[in-house]
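Remarks on the structure that follows.
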Amino acid sequence: MHTLNELKCTFPARSENESFARTMVCAFAAQLNPTVEDLADLRTAVSEAVTNCIVHGYRDREGIISVTVRLLPNSVIYVRIADKGCGIEDIAKAMEPLYSGAPNEERAGLGFTVMQSFTDRLTVRSQVGKGTAVTMRKKMCHAADEAAD
Amino acid sequence: MVELKQEPQKLTAFLCGELDHHHVKEIRETVDFAVREQLPPLVILDFSRVTFMDSSGIGLIMGRSRLMEEYGGVLEIHNPSAHIRKVLRISGTDRLAVIRNQQANKGGAMNHAYPQ
């Protein structure tokens, strides 16, 4: 892929890092001068993926989350969020709305639904015992274009 | 973070800040304690001061809705921002609870700095 700019970061899979991860990705995306709405969508999608690493990937143990953000041509942002956690046995099932892999924890089971709704393209790769990588692509609309109305 | 306002027949939980996985646990415990103690017929989750929400916040709402159902109470969601309303809509949460937007400035000293 033709990458115009890139950020790579790793951090412990701790819930206190969820906010930081969202802010970091959005701060990097800011150079595209996106609309408030697109940034809010991106922030939420990132939050879902990072939370999955913490709640599911590394349930009950420590681990590292790797985040890669790339700015691609045509104002497209690419985000890859990966863990080396337990992996997903049945990806299709995991992506079913309202299905939760943590039924005792009062989780909505909507993480993937939100990611799909707020980005243009979502891919999930996973191997049991090895980990999971979620990649998302989103074309970010320029705030200037909206202001031109 | 959450501030509770208790009135006869009504409990309002003013949720503040970011409703993500990290923050919802404390909010859930605080709200549930108050609800189980009083069993108010109406519980309002006020989102005026909420700056962010993902599906962990949806889980919080769904869980509170189930709790209210146990004793026949009603849950309402007040003053979500435009983006949070979007999250509520795509998750179908708008079918679980009535959503209202109040014009009045709730909470006294707080300024509503968040885009609607």
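Just so we're on the same page: letters track the sequence lines, and every chain starts at 1.
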[atom2] on [Y] to [atom1] on [X], rounded to 0.5 Å:
X	Y	atom1	atom2	value
Arg107(A)	Ile58(B)	CZ	CD1	11.5 Å
His21(B)	Glu48(A)	NE2	CD	11.5 Å
Phe52(B)	Arg22(A)	CZ	CZ	4.0 Å

If you draw a 6.0 Å radius around [atom1] in [X], do more than 12 non-hydrogen atoms from other residues or ligands fall strictly inside?
X	atom1	value
Glu89(A)	CD	no
Arg95(B)	CZ	no
Arg121(A)	CZ	no
Arg125(A)	CZ	no
Tyr71(B)	OH	yes
Lys139(A)	NZ	yes
Glu16(A)	CD	yes

Under a 4.5 Å heavy-atom cut-off, does chain B meet the side chain of [X], its backbone, both or neither?
X	result
Val55(A)	side chain
Asn17(A)	neither
Thr51(A)	side chain

Cluster check [X], [Y]: I/L/V/M/F/W/Y, side chain < 4.5 angstrom:
X	Y	answer
Leu98(A)	Ile90(B)	yes
Met115(A)	Val124(A)	yes
Leu60(B)	Ile44(B)	no
Ile77(A)	Leu7(A)	yes
Leu122(A)	Val79(A)	yes

Exercise. Distance only, no hydrogens: is a donor on one side chain within 3.5 Å (strictly under) of an acceptor on the other, for His83(B) and Glu37(A)?
Worked result: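 Their side chains do not contain a donor-acceptor pair, so the 3.5 Å distance test is not met.
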Exercise. Using a heavy-atom distance cut-off of less than 4.5 Å, which residues of residues 63-74 of chain A contact chain B?
Worked result: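 Listed by number, there are no contacting residues, so the answer is none.
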Exercise. Hey, are the side chains of Ser91(B) and Val114(A) touching, using non-hydrogen atoms and a 4.5 Å cut-off?
Worked result: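 No; the side chains remain at least 4.5 Å from each other.
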Exercise. Are any of the side-chain heavy atoms of Arg14(A) and His22(B) separated by less than 4.5 Å?
Worked result: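 Of all side-chain heavy-atom pairs linking His22(B) with Arg14(A), none is under 4.5 Å.
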What are the two closest heavy atoms between [X] and [Y], and how far apart are they?
X	Y	answer
Thr44(A)	Met53(B)	CG2-O, 3.7 Å
Asp54(B)	Ser47(A)	OD2-OG, 2.6 Å
Ala108(A)	Ser55(B)	CB-O, 3.7 Å

